[in-house]
Amino acid sequence: HPQVQLDQVYASALEDAAKLPKAEYAKLIEGMLKSLKSEEGELLTSKERKAELEDAAKSAGCKAAVSSEAIETVGGFIFRSETIDRDFRFETIMQRVREQSLVQVYQSMFNA
């Protein structure tokens with residue numbers, strides 16, 4: 001069944017993302033932060049990844065501060081401000097990609 005196979009692929013990809021070495025992780029997060037560079041607000045991540053988020057935010061020139069509040073995530077972050085909340089946690093990103101993939105798989109199966 002395509003859904004089971006996709007679930008396994010995405011679970012494996014999430015595990016790999018969670019195990020990224022510090023330097024690679026910081027570079028990835030820095031790229032994700034670029035769209036928020038000028039936004040005022042706060043960034044939240046897990047206590048295990050806080051230092052990397054601080055380094056990435058500094059390198060990206062982010063105005064947002066890294067919160068001392070920790071969240072449950074294998075990686076990534078949440079951005080909060082007075083006007084917007086954006087979820088950049090790896091789990092959320094992987095879920096969105098998985099859902100899009102399922103739609104494409106089913107469309108190709110039934111529209112072929």
Side-chain angles (χ1 to χ4, degrees):
H1 193 273
Q3 186 169 347
V4 172
Q5 290 173 326
L6 277 174
D7 287 347
Q8 291 171 340
V9 167
Y10 288 115
S12 177
L14 189 58
E15 282 179 33
D16 290 345
K19 295 176 190 169
L20 280 174
K22 289 183 179 198
E24 285 180 52
Y25 180 84
K27 193 163 190 68
L28 175 65
I29 297 300
E30 186 179 336
M32 295 165 73
L33 286 165
K34 291 204 186 286
S35 66
L36 301 167
K37 191 173 165 176
S38 61
E39 298 285 338
E40 302 267 349
E42 66 178 346
L43 302 164
L44 298 95
T45 194
S46 66
K47 64 180 182 190
E48 296 83 10
R49 291 294 197 176
K50 184 177 180 222
E52 287 105 320
L53 180 59
E54 288 171 339
D55 290 346
K58 191 176 183 179
S59 293
C62 277
K63 287 184 180 179
V66 176
S67 175
S68 58
E69 179 185 339
I71 58 170
E72 287 294 317
T73 184
V74 299
F77 58 92
I78 291 176
F79 170 77
R80 282 196 307 215
S81 74
E82 289 184 18
T83 54
I84 60 170
D85 285 358
R86 303 266 316 268
D87 189 340
F88 290 88
R89 291 175 296 160
F90 290 175
E91 299 92 325
T92 306
I93 294 167
M94 215 52 88
Q95 181 66 27
R96 284 188 211 123
V97 171
R98 181 190 158 279
E99 288 168 5
Q100 290 168 354
S101 298
L102 276 175
V103 168
Q104 290 172 343
V105 167
Y106 285 116
Q107 284 176 342
S108 67
M109 286 173 59
F110 297 113
N111 291 337

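Counting from 1, the numbers follow the sequence of the chain as shown.
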Asks: Can you pull out every ring-ring contact (aromatic ring centres under 6.0 Å, His included) where at least one residue sits in residues 32-72? Sequence neighbours excluded, please.
Replies: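 Residue pairs with at least one partner in residues 32-72: there are none.
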Asks: Side chains of S35 and F79: closer than 4.5 Å at any heavy-atom pair?
Replies: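 SC-SC contact between S35 and F79 ruled out.
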Asks: Verify the distance criterion only: is there a donor paired with an acceptor across the side chains of S81 and E40 at less than 3.5 Å?
Replies: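 The criterion, which ignores hydrogens and geometry beyond distance, is not satisfied for E40 and S81.
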Asks: Could you grab the distance from atom NZ of K63 to atom CG of L36, nearest 0.5 Å is fine?
Replies: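 Going from the NZ atom of K63 to the CG atom of L36 covers 12.5 Å.
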Asks: Calculate, to the nearest 0.5 Å, the distance between atoms CD1 and CG belonging to I78 and L43 respectively.
Replies: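 Reported to 0.5 Å precision, the distance equals 10.5 Å.
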Asks: Are I84 and V66 linked, directly or through other ILVMFWY residues, by side chains that come within less than 4.5 angstrom of each other?
Replies: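 In one cluster: yes.
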Asks: Once rounded to the nearest 0.5 Å, what's the spacing between atom SG of C62 and atom CD of E42?
Replies: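 The SG atom of C62 sits 13.5 Å away from the CD atom of E42.
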Asks: With a 4.5 Å cut-off on side-chain heavy-atom distances among I, L, V, M, F, W and Y, is there a chain of contacts connecting L44 to Y25?
Replies: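 No.
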Asks: Is any side-chain heavy atom of L33 closer than 4.5 Å to a side-chain heavy atom of F77?
Replies: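 Of all side-chain heavy-atom pairs linking F77 with L33, at least one is under 4.5 Å.
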Asks: Enter the distance from F90:CZ to M32:CE here, rounded to the nearest 0.5 Å.
Replies: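 Between atom CZ of F90 and atom CE of M32 there are 5.5 Å.
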Asks: Compile the donor-acceptor pairs under 3.5 Å between side chains in residues 11-24 and protein atoms, sequence neighbours left out, one pair per line.
Replies:
none

Asks: Which pairs count as salt bridge (charged side-chain N to carboxylate O under 4.0 Å, His left out) when at least one residue sits in residues 43-61, sequence neighbours excluded?
Replies: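 Sorted pair list: R49-E52, K50-E54.
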Asks: Can you tell if the side chain of Q95 reaches within under 4.5 Å of the side chain of D87, non-hydrogen atoms only?
Replies: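 With C-beta onward as the side chain, the pair stays apart.
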Asks: Just verifying a value: how many Å separate I29 CD1 and K34 NZ, rounded to the nearest 0.5 Å?
Replies: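 One finds 12.5 Å between CD1 of I29 and NZ of K34.
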Asks: Can you tell me how far CD of E82 sits from CD of E39, rounded to the nearest 0.5 angstrom?
Replies: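 Output value for this atom pair is 11.5 Å.
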